[in-house]
Amino acid sequence: MRPRLLLAGYYGRGNAGDDAILAALHQELVARVPDLQLTVTAGPHALPAGVERVDPRNLPVLSAVVQSSDAVGLGGGGLLQDYWPVRTDALLSQDQGGLVEYLATPVLAHLHGVPTVLCALGAGPLRTAEGREQAGLAVQLAQAGTLRDVASYEVLAGAAGRPLPKQFRVATDPAFLLEPDEAGVDELLISAGCAPGEALVAVALRHWPAGDPQTTWLEPVLQGLDPVLERRAARLLVLPFERTEGAGSDGDLARRVRQLRPHARVLADSPSPAQLAALLSRCQAVVAMRYHAALLASLGGTPAACLAYDPKVEQLAVQLGGPAALRQDSWIAVEVEAALEQALARPREEVRQHAAAASEAARATIDVLVEALSGPRPPAPAPVAQVVRRLALQRSVQLEQLREQASSAAAESVQGAERLVARDAQLLQAQGELARHQEQFEQLWSQAATRQQELDRLQADVQERERALAEAARREQQVAARLAAAERARDEANRAAAEQQQAVAERLQQAEQEAATARLVRTAAEEDLRLVTSSPAYRMAAPVWRLGNAALPLGSRRRALYHRARRRLDDAVPDSSGVPTAAVPHRPGTLDDLAQLSQFEQQARARGAERVVVVLSGTQLREDEGQRPTQLALQMAAQGVPVVFAYFRWDHVERHTEERRADGIHQVPLDVLLDQPAAVAGMFAGLNRMLLVAFPYPRFFELLARCNAAGWCSVYDVLDDWEQFHAVGQAIWWDREFEQHLVRSASVVTAINQPLAELVSSQVEREVQVVPNGLRPGLERVQEARPLERGEVTVGYFGHLTTAWFDWELLAEAANRTPTWRWYVIGYGGGPEKPLPDNVVLLGRQPQPSLAAFAQNWDVGIVPFRRTRLAECADPIKVYEYLAMGLPVVVSGVHAPPGADAFVERVDDVEQLLDALGRAAAQGADARGARREYAARCTWGSRTEALLGLVAGSRS
Amino acid sequence: MKVLFVYKFLTVGGVETVLRARIAHLADRGVEAHCWFFADYGGSALFRDVPDRVHVGTPEQAVKLIVRGGFDVVSTIDTEEILPVLAALPEPPPVVVEAHSAYLENLDYLLRLPRGLVKLLLVPTRGHGDLIADRLRGDWSIRVVPNPVADSFLLPLPVNEIWSASPQVAWIGRLDDHKNWRGFLELAARATRDGLDAEYVIVGHPVEPRSSQDLQEAATAAGMLGRLRWLCALPHARVPALLDDVRASGGVLVVTSRGESFGMTVVEAMARGCAVVLPAAAPYDETTTLGTSSLGYAPGSTAAAASVVRRVLADAELRSAVGEAARVQVLERYSAAATLGALVNALHEAAGS
């Protein structure tokens with residue numbers, strides 16, 4: 001059988017102080033008596049887990065619980081006071097309340113012969129004879145107990161009229177035993193609007209006098225707090241201790257504080273007592289009217305300035321060793337400010353020590369309760385007295401049940417009477433309405449007769465109108481026939497006019513296009529002229545021409561003779577350049593680039609295209625320059641994918657030079673798209689749309705965001721280590737943050753080789769796929785032989801010659817050491833700073849189709865690049881081209897393409913270079929087929945397929 | 001019962017989505033719902049399967065339909081233009097005014113409401129109702145009818161593939177001062193300074209020509225452009241998938257708005273089980289349970305917001321618990337079925353039936 005203890009108190013009523021007492025008692029009792037069954041008289045609010053509740057006004061149930069208990073405890077808390085009327089006649093009835101309600105439990109215990117102890121009970125004030133009498137009764141009903149403080153002891157001794165027996169001792173409030181709980185305190189403070197780590201001064205107030213909504217003392221108290229808060233840069237945190245609603249509640253008071261001091265924060269949540277203690281330990285001080293606010297604060301060493309509305313608060317201030325509590329006549333600003341400063345000056349350790357001492361004293365209550373559970377029952381009264389007690393108890397219970405039944409019957413009678421009254425009222429109303437309806441009926445009957453006469457007259461009128469209407473209809477038919485003939489004639493005229501208008505519009509459009517073309521041609525011509533006239537050659541030649549014009553005036557015989565002689569001379573001397581001299585045609589511009597793009601979209605749809613690619617390129621589409629965006633665009637178009645190729649231009653006049661519309665590629669200046677990002681993102685809806693970004697231009701920000709949101713698959717194809725270009729003064733627009741944004745935002749990120757992919761991944765952690773550069777098939781075919789003098793070993797290079805990556809020193813040193821070798825260099829864009837050995841031949845820039853003819857004379861192709869980050873992140877296309885031409889390759893600075901280690905050797909210095917070249921040249925023609933086979937797998941076509949495969953597998 | 005909902009523009013927006021859901025679900029409760037718009041800006045596709053229930057035209061044409069069609073109630077959604085025309089009728093139908101806008105200046109028309117005509121004001125939250133009551137003179141009947149979340153947000157949660165290396169911290173809203181996107185960037189910068197490794201996602205379309213440039217400049221100035229993804233004008237149909245990604249990445253949705261009437265974005269994120277960090281203020285103290293189904297911070301405090309974001313990103317258990325509680329709460333309170341009861345009651349009350 002589990003021991004059972006019943007505690008009578010103010011539990012489960014939403015009062016944090018009483019809940020703290022219960023939590024502490026439960027914590028300590030369970031530790032001492034693990035199988036204890038604890039029941040409390042309680043209201044509807046939450047109780048600690050495992051604690052049962054009983055309604056103190058449900059007398060039959062309360063009596064049964066008392067009877068089944070091993071002991072009854074009265075308290076803790078200040079239960080014995082007569083702030084409210086003491087109705088002794090209501091004891092053991094539903095009307096009982098306050099002091100009398102608390103006494104019901106020990107009275108029942110006495111009747112059932114169950115021992116009662118006082119449990120850290122607070123007493124006073126007792127200002128009425130009834131109050132003192134009932135308090136004395138409590139002492140008489142108890143066998144032992146503890147009082148919360150000395151004042152309570154003295155009040156009870158006064159009520160009893162003599163010193164209390166020795167088994168009644170002075171202890172402290174059990175809440176001193178509570179263990180603070182830090183869990184969830186951060187969230188409580190954040191929910192209240194307090195920033196983490198913010199300095200806080202808590203305030204726990206109550207309406208006083210109880211329920212009085214005036215609180216005239218509030219503003220002076222707050223005025224006392226203001227200067228202290230300002231000096232300490234602290235925020236006021238209001239703690240409503242009693243969770244009830246309405247005027248006069250702590251919540252109402254908290255709202256008033258917020259109205260008066262908007263910067264104050266209010267703890268809106270309902271923490272557990274242990275959390276409340278932990279929260280108070282975070283505060284610098286507490287201003288406490290509430291007894292348990294000061295008590296719980298002391299557990300963590302937080303000092304209190306107490307406002308004593310009741311003697312118990314004064315007692316507590318003494319127990320805590322702090323400044324004396326302020327009585328109500330001292331609740332003025334200057335006193336409150338002084339008290340709070342005095343509290344704040346206390347060392348927290350000193351407060352903690354006082355709390356620890358009080359905690360030790362509080363254990364006496366636990367001892368008393370445990371002893372009561374295991375101790376003997378009070379001696380049984382005489383048999384006659386037992387019968388009388390039982391009868392009294394039964395009568396009380398029966399009386400309550402009868403009162404309940406009577407009350408229900410009375411309520412039902414009242415409801416019945418109310419229903420009867422309501423029925424009477426309805427009847428009266430119905431009678432009134434009936435009379436009204438009769439009156440209305442008579443009026444309507446009279447009106448109906450009048451209306452009938454009007455109706456007869458109207459019928460005659462209608463017949464007359466119908467005859468007129470038939471005549472009108474006949475005339476309308478005649479008019480309609482004439483109108484139809486007129487409309488036919490009008491339509492005919494409109495059609496003719498529309499055809500004329502159409503013809504005029506077409507002529508007008510044609511004229512506008514011609515005019516626009518002429519404007520652009522003129523602008524370009526002016527630009528050409530400006531370039532020519534500002535060139536040194538023109539400036540040198542101009543005086544000669546002026547002299548010629550003076551010597552050979554226009555239209556003169558001398559000029560005609562000159563031109564005849566000049567033509568003969570031209571015919572005799574062939575053109576020495578071999579380069580076409582025709583001017584590069586200027587593409588006619590369009591009046592509306594977007595309109596043309598829209599037209600391209602319609603054509604793509606009409607062709608049944610399923611996908612489209614928009615390439616954002618830093619360069620124009622020029623097939624012979626072999627740029628990666630160009631090659632990818634050409635390949636995609638070749639696979640039937642419509643391509644919009646948007647190219648960067650330095651000014652708004654520049655246009656593309658190669659027309660590719662017939663190949664399925666529409667070219668448009670990049671700035672046109674960037675000016676209309678919303679329109680572009682909305683184009684080609686319903687198709688698989690791919691945005692291929694070939695350089696990290698910060699102005700792509702909005703276009704990228706809109707395309708991503710509209711469901712485009714965005715691909716950032718990393719071609720270079722742009723930071724390195726930027727560092728040497730190129731790509732001046734480059735911005736590290738934007739490139740990271742682009743990498744993060746693109747649906748797919750690709751890079752041309754592994755080092756570049758790793759570089760990008762190291763900056764923004766995401767997957768980067770390698771799609772190497774490729775080869776344009778056919779470049780390896782020799783169109784016309786270009787024989788060259790050969791050496792013991794013949795080495796060749798073609799490509800750009802900028803000193804940013806071309807290692808002229810390495811080439812010169814290698815050539816110096818191999819006087820019997822021949823070194824050929826084809827290219828442009830730079831040159832050596834020092835003279836080269838004689839066995840190095842610079843062939844200048846050569847057309848792409850002729851490269852294979854030159855390379856046919858070589859034993860090895862080389863890529864002699866410096867060991868820089870720029871080169872490290874490059875994937876030279878020439879390597880694939882050398883291999884396609886069947887040449888072995890030796891490189892420095894760059895890496896062999898994936899899978900080409902057997903054909904491409906990487907070296908670090910001149911010795912390694914010469915060794916590798918010697919070995920490569922010795923291979924002869926044996927491995928030529930394998931090299932070509934490898935190169936055949938590296939076409940731009942296969943790269944494009946790889947890229948489209950990545951896009952198909954991406955999330956966009 | 002027959003009701004006509006009147007709204008200004010027919011686009012593919014949040015209000016239209018709600019109205020489409022109302023047509024479907026109100027029929028189950030015996031209410032024949034029609035919608036009237038003053039102009040069609042491409043939203044008619046939403047109503048393709050119920051063409052006889054959607055009408056477009058001037059306020060005067062709307063009134064002709066109201067008279068001929070025998071409507072019991074007319075409900076306007078922040079659309080005051082219809083009110084004077086209705087007031088001119090000899091026997092106008094009962095009118096309900098739904099006040100949703102969070103922009104206070106957009107609610108000024110409420111000060112001019114014809115008292116005899118308007119029977120009820122409907123608001124999405126109690127807090128918004130209090131705000132409106134403060135602004136209105138006189139004693140108006142205000143009822144709370146929560147907004148329903150679209151069905152697509154209530155579909156079962158998928159187990160998403162985690163494709164983002166860092167947790168995503170998302171922000172959704174118009175790029176204007178009221179929604180306070182700059183506050184989000186400040187939060188991001190602060191959290192990053194404090195050592196948080198996250199990706200920041202802004203979903204929002206520009207409201208002014210310079211908005212895009214402003215965003216780029218502000219993100220660059222805050223040093224956050226490299227950590228930012230921007231999805232401009234993401235279609236509403238794709239938002240559930242985005243929120244699923246945010247949840248799967250171990251991320252959160254953050255709200256920095258200076259005030260909302262309801263906060264549909266928050267409810268949508270909650271529906272997808274995504275933890276939300278928001279100001280501990282109205283209306284979120286009503287639409288969410290702070291600390292349980294959402295995580296609050298002191299309104300206006302970037303430091304507090306960043307602190308909460310860091311804490312929740314570091315605590316998978318907390319994130320999961322908040323996300324789960326959020327979804328349960330939305331399913332209980334904000335499905336179309338759950339919210340329509342209040343709407344139907346209000347319509348009957350206005351109609352006097």
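Reckoned from all heavy atoms, side chains included, excluding hydrogens, waters and symmetry mates. The sequence lines fix the lettering, A, B, ..., with proteins before strands; numbering per chain opens at 1.
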> Going from OG on B/Ser166 to CZ on A/Arg766, what distance comes out if it is rounded to the nearest 0.5 angstrom?
Replying inline: 11.5 Å
> For B/Val203, is it the side chain, the backbone, both, or neither that has a heavy atom closer than 4.5 Å to a heavy atom of chain A?
Replying inline: neither
> Among B/Leu234, B/Leu242, B/Val308, which residue forms the greatest number of heavy-atom pairs with chain A at distances under 4.5 Å?
Replying inline: B/Leu234
>> Using every non-hydrogen atom in the two residues, find where A/Phe701 and B/Leu225 come nearest and quote the distance to one decimal.
In response: CE1-CD1, 3.7 Å
> Considering only heavy atoms, which portion of A/Asp269 lies under 4.5 Å from any heavy atom of chain B: side chain, backbone, both, or neither?
Replying inline: neither
> Can you tell me if CZ on B/Arg210 sees more than 12 non-hydrogen neighbours from other groups inside 6.0 Å?
Replying inline: yes
>> Between A/Glu737 and B/Thr220 (side chain of the first, backbone of the second, donor and acceptor by atom type, cut-off under 3.5 Å), is there such a pair?
In response: no
> Between B/Ala298, B/Cys232, B/Ala304, B/Pro279, which shows the greatest number of heavy-atom pairs under 4.5 Å with chain A?
Replying inline: B/Cys232
> What's the shortest heavy-atom distance between A/Ser745 and B/Leu228, and which atoms?
Replying inline: OG-O, 3.8 Å
>> Between A/Ala678 and chain B, with a heavy-atom cut-off of 4.5 Å, which part of the residue counts as in contact: side chain, backbone, both or neither?
In response: neither
> Counting only heavy atoms not in A/Glu433, do more than 12 fall under 6.0 Å of its CD?
Replying inline: yes
> Non-hydrogen atoms of chain A under 4.5 Å away: do they reach the side chain of B/Ser307, the backbone, both or neither?
Replying inline: side chain
> Looking at residues at least two apart in the chain, or sitting in another chain, which of them share a ring-ring contact (aromatic ring centres under 6.0 Å, His included) with A/Phe684?
Replying inline: none
>> Does any backbone or side-chain atom of B/Arg311 lie under 4.5 Å from a heavy atom of chain A? Answer side chain, backbone, both or neither.
In response: side chain
>> Which one wins on heavy-atom pair count under 4.5 Å against chain A: B/Ile202, B/Asp285, B/Leu231?
In response: B/Leu231
>> Taking CD in A/Gln602 as the centre, count heavy atoms belonging to other residues, nucleotides or ligands within less than 6.0 Å. Is the count above 12?
In response: yes
> Which one, B/Gly226, B/Gly291, B/Ala281, B/Ser211, leads in non-hydrogen pairs under 4.5 Å with chain A?
Replying inline: B/Gly226
> Under 3.5 Å, is there a donor-acceptor pair between the side chain of A/Glu702 and the main chain of B/Pro206?
Replying inline: no
>> Within this structure, what is the CG-CG distance for the pair B/Leu290 and A/Leu188, rounded to the nearest 0.5 Å?
In response: 12.0 Å
> NE2 of A/His741 to CE of B/Met224: how many Å apart, nearest 0.5 Å?
Replying inline: 12.0 Å
>> Using every non-hydrogen atom in the two residues, find where A/Ala709 and B/Arg238 come nearest and quote the distance to one decimal.
In response: O-NH1, 2.5 Å
> In terms of heavy-atom pairs under 4.5 Å with chain B, which of A/Glu198, A/Glu739, A/Arg706 leads?
Replying inline: A/Arg706
> Non-hydrogen atoms of chain B under 4.5 Å away: do they reach the side chain of A/Pro677, the backbone, both or neither?
Replying inline: neither
> Just how far is it from atom CG of B/Leu295 to atom OG of A/Ser191, taken to the nearest 0.5 Å?
Replying inline: 8.5 Å
